[in-house]
Amino acid sequence: MAKKQFKAESKRLLDLMIHSIYTHKEIFLREIVSNASDACDKLCYQALTDDSVGLGRKDFKIELKVDRENRLLTVSDNGIGMNREDLENNLGVIASSGSYKFKQEVGDDAKDTDVIGQFGVGFYSAFMVADHISVVTRKYGSDQAFMWQSDGADGYTITECEKETVGTDIIMHIAPDTDDEKYGEFLESWRLQELVRKYSDYIRFPIRMEVSKTKKKEDSPEDKPEYETYTEVETLNSMVPIWQRRKSSVKPEEYNKFYRDKFHDYADPQRVIAVSAEGAVTYKALLFIPGATPFDYYTKDYEKGLQLYSNGVLIMEKCADLLPEHFRFIRGVVDSPDLSLNISRELLQHDRQLKVIAANLEKKIKSELVKLLTEDRAGYETFWKNFGRQLKYGVVGEYGAHKDLLSELLLFYSSTEKKPVTLDEYVSRMKEDQKFIYFAAGETLDKIDRLPQTELLKENGTEILYFTEEADEFCAQVLHAYKEKEFRSVLDQEIEEGAAKRAEEAADAHKAALDFVKEALGDAVKEVKASARLKSHPVCLTAGEGLSFEMEKYFQAVQPDSAIKAERILELNVDHPAFEALENAVTADPEKAKKYASLLYDQALLIAGLPLDDPSGYADLVCELMK
Ligand code: ADP
Ligand code: MG
């Protein structure tokens, strides 16, 4: 019997497809199972209007069978089946999809069916693992059966054959193993179970396979048990995707278990976000805020992304395009019947739809976080501990493009409330004449609290935000202002009205001593000035405009030989006894006065958490003065 040739372009297409559309060979099973599911769906649809079908939704099934000896893997269904014409049209012409035509014909009724196929290439993916495929099929309503056979690009034959029941068997002869590829794995029952669970878990019909199990022999003794193996037919898929169920019908515990199983987390999610959208793009999404920070979260091993499904069939394990960087901690699934199975990293033909979904999800996640913040403050603080840093990076990243979206979600520790507060809360508590949002950056809350510059402010009850992470200060810089209130560091700038005037008066009165100190320290400091904000401390160091000391430390940490330095301005408390001693020494004993100047400068460095230029010189000086 003459072999029919695939159309020439089909041949090329087949080659192209086998080598480029699919990234993983293993997805062939997903494609064949999806076709079986479509076939069941079609007959199911027919049964709605045709009593003689005699089958209900529950009667349809898909079966996997393995014949290891002959290297055969068979996928059978009791769906609609194909006649000769169908075989010619659907399997003889690549990129012709009977399923697509079916959906067109059914029109509006299509929402009652879950037909997956539409591109007409899925079937051929089986040639990635099989060197010969036979399709034995009998169409519903016909008593003739046919066998379609092909070795791949070479063409196909169709012959009449026997088949007792309606439906289709896809019989794949699995290719021999090579050095690079162990095709034999597709004959292993554990591997097939794994693939069904991975890609086809939510197919609506049961996918069944005989699996072998072991049990204790009944008559073997308890203390010396003997085991025997037996086989049992099992349903491999769980069938109903939890995200397709109405949120009110799912118990919280079910969501938690689904999350833990699916994303391999030991902790329950902190919040579940269920989305059901219809309109320009139809999709369902089930998103989770993890209850704990994944151990690799802040490393480059962590991969962001959502699982992407089309009608319950997995398309992509981690679709990164669905999540913006600032929400990369979200885990979850998105299922849209508008997407095709053949989407892959290389072939994102449905870019536009994905973009719409991603934009909607971003809005949804933001609004859920706002809800968490207002409804469950303690919960939000836990979330903040886990992922707050990510949101700060989000504000700073991409040149501040997302700062407006994220700024109301930020928390910073407050000096007066003694807990993290939002910028809204801070602004609402600002005194009438307060112009700025004050912050102080340092290594720890304690250290900031003890800084000389915060002392006076705290005394008159001014609220200060304490920044202990490097991202905090960058955030303030990128935000610049919140609700039109600018950020201002209390460490680097005089903030009190009238302080400048008092400082000026003090500078005039003590000019000689201040000039002496500047002279003694030389280029180490940019300026030496009288301070109006120190109370019990003799000195403090402030940074000039531009870089702050915390930023300097950050750059030093990431690049130790970096020459980037903040400008140093030494402020002296002219009312302090230490200053008095220095001032007296300037005339009485200039050599000693120089030593005092150096000591005070080193102290200022220590308080600011900056390294001393000459630590042992400092220690010697202290000892010398103690003698
Ligand atoms: P798609 O599923 O995108 O339509 P495929 O290459 O996977 O493309 O399948 C091509 C066509 O072959 C299907 O549309 C369907 O008409 C037919 N077909 C494939 N497998 C079966 C099956 N098990 N039962 C009935 N028809 C099938
Ligand atoms: Mg298909």
Side-chain angles (χ1 to χ4, degrees), residues 24 194 197-199 201 241-243 250 252-275 284-309 314-335 345 354 357-358 361-373 376-398 402 405-406 409-412 420 468-472 474-475 554 557-558:
H24 304 294
E194 182 183 86
R197 271 196 295 265
K198 180 169 177 187
Y199 292 107
D201 203 30
I242 194 166
W243 60 84
V250 184
E253 184 39 41
E254 287 179 271
Y255 277 135
N256 290 350
K257 187 180 177 320
F258 171 79
Y259 169 81
R260 290 193 313 261
D261 291 350
K262 184 117 192 149
F263 301 104
H264 312 291
D265 201 345
Y266 64 90
D268 284 338
Q270 195 186 11
R271 204 171 175 90
V272 181
I273 307 170
V275 189
K284 291 223 163 57
L286 191 58
L287 309 182
F288 301 91
I289 301 175
T293 324
F295 70 94
D296 61 350
Y297 186 69
Y298 289 106
T299 74
K300 63 178 185 323
D301 294 337
Y302 181 86
E303 242 187 286
K304 72 158 182 175
L306 300 177
Q307 285 198 340
L308 186 59
Y309 287 83
L314 182 68
I315 302 177
M316 210 184 277
E317 189 86 60
K318 283 219 166 126
C319 182
D321 296 338
L322 282 171
L323 280 180
E325 265 315 282
H326 42 270
F327 293 147
R328 69 204 298 273
F329 49 83
I330 296 285
R331 286 169 164 157
V333 301
V334 172
D335 190 340
R345 258 165 271 261
L354 275 191
I357 298 177
L361 291 181
E362 181 183 33
K363 268 191 233 131
K364 183 71 187 170
I365 295 166
K366 155 88 189 271
S367 72
E368 284 291 325
L369 286 172
V370 171
K371 235 197 241 167
L372 183 63
L373 176 63
D376 171 13
R377 182 59 171 244
Y380 191 81
E381 282 175 26
T382 307
F383 157 75
W384 184 253
K385 266 196 209 97
N386 291 334
F387 301 110
R389 213 191 318 165
Q390 182 67 63
L391 296 192
K392 293 186 217 166
Y393 289 165
V395 168
V396 177
E398 294 177 51
H402 310 288
L405 179 90
L406 300 173
L409 296 173
L410 299 174
L411 293 186
F412 298 104
T468 51
E469 279 189 19
E470 58 242 14
D472 293 341
F474 287 108
C475 259
Y554 169 73
V558 293

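Starting from 1, each residue takes its place in the sequence as its number. Only this structure's heavy atoms are used, side chains among them; waters, hydrogens and symmetry mates stay out.
Note that CG of L287 is 6.0 Å distant from CG of L306, once rounded to the nearest 0.5 Å. To the nearest 0.5 Å, atom CG of residue L308 and atom CD1 of residue I315 are 4.5 Å apart. Between the CE atom of M316 and the CG atom of L354 there is a distance of 7.0 Å, given to the nearest 0.5 Å. The distance from atom CG of L369 to atom CD1 of I273, rounded to the nearest 0.5 Å, is 6.5 Å. To the nearest 0.5 angstrom, K371 atom NZ is 12.5 Å from D376 atom CG.
Judged as a salt bridge (charged side-chain N to carboxylate O under 4.0 Å, His left out), and not counting sequence neighbours, E362 has no contacts. Contacts of K385 classified as salt bridge (charged side-chain N to carboxylate O under 4.0 Å, His left out), with partners at least two apart in sequence or in another chain: none. Residues satisfying the ring-ring contact (aromatic ring centres under 6.0 Å, His included) test with F263, not counting sequence neighbours, are Y259. Every side chain to side chain contact (heavy atoms under 4.5 Å, CB included) that D472 has, sequence neighbours left out, goes to K392, F412, F467, T468, E469. Every residue two or more places apart in sequence or in another chain that forms a side chain to side chain contact (heavy atoms under 4.5 Å, CB included) with V396 is listed here: F474, C475, V478. Residues meeting the side chain to side chain contact (heavy atoms under 4.5 Å, CB included) test with T382, sequence neighbours left out: Q270, N386. Annotation: salt bridge (charged side-chain N to carboxylate O under 4.0 Å, His left out) contacts of E325 (sequence neighbours excluded): K304, R328. With sequence neighbours excluded, the residues that form a side chain to side chain donor-acceptor pair (under 3.5 Å) with K198 are E26. For K284, the side chain to side chain contact (heavy atoms under 4.5 Å, CB included) partners are W243, Q244, S276, not counting sequence neighbours. Take F383 and apply the ring-ring contact (aromatic ring centres under 6.0 Å, His included) test, not counting sequence neighbours, and it matches F329, Y380. Y255 meets the side chain to side chain donor-acceptor pair (under 3.5 Å) test with no other residue; sequence neighbours excluded.
What you find for L391 and L406 is that their closest heavy atoms are O-CD1, 3.8 Å. Heavy-atom minimum distance, A358 versus D321: CB-O, 3.5 Å. Contact between A292 and F387 at its shortest, heavy atoms only, is O-CZ, 3.7 Å. Of all heavy-atom pairs spanning S367 and K364, the tightest one is OG-O, 3.0 Å.
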Applying side-chain contact (heavy atoms from CB on, under 4.5 Å) to Q307 and K318, what does each step give before you reach the verdict? CA-CA 5 Å; Q307 285 198 340; K318 283 219 166 126; over 6 Å; no
Evaluate the criterion side-chain contact (heavy atoms from CB on, under 4.5 Å) for residue pair V250 and F258; output intermediate values, then yes/no. CA-CA 11 Å; V250 184; F258 171 79; over 6 Å; no
Check the pair V272, L286 against side-chain contact (heavy atoms from CB on, under 4.5 Å), reporting the backbone distance first and the verdict last. CA-CA 7 Å; V272 181; L286 191 58; 3.8 Å; yes
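The shortest distance between side-chain heavy atoms of P241 and Y309 does not fall below 4.5 Å.
Just one residue in the list K366, Q390, H402 forms a side-chain contact (heavy atoms from CB on, under 4.5 Å) with F327, and that residue is K366. Of the residues N256, I330, I289, the one that meets the side-chain contact (heavy atoms from CB on, under 4.5 Å) test with P269 is N256.
Among residue pairs with one or both ends in residues 255-266, those qualifying as salt bridge (charged side-chain N to carboxylate O under 4.0 Å, His left out) are E253-R260, K257-D261, R260-D268, D265-R331; sequence neighbours excluded.
R197 and E194 are not joined by a salt bridge, as no carboxylate oxygen comes within less than 4.0 angstrom of a charged side-chain nitrogen.
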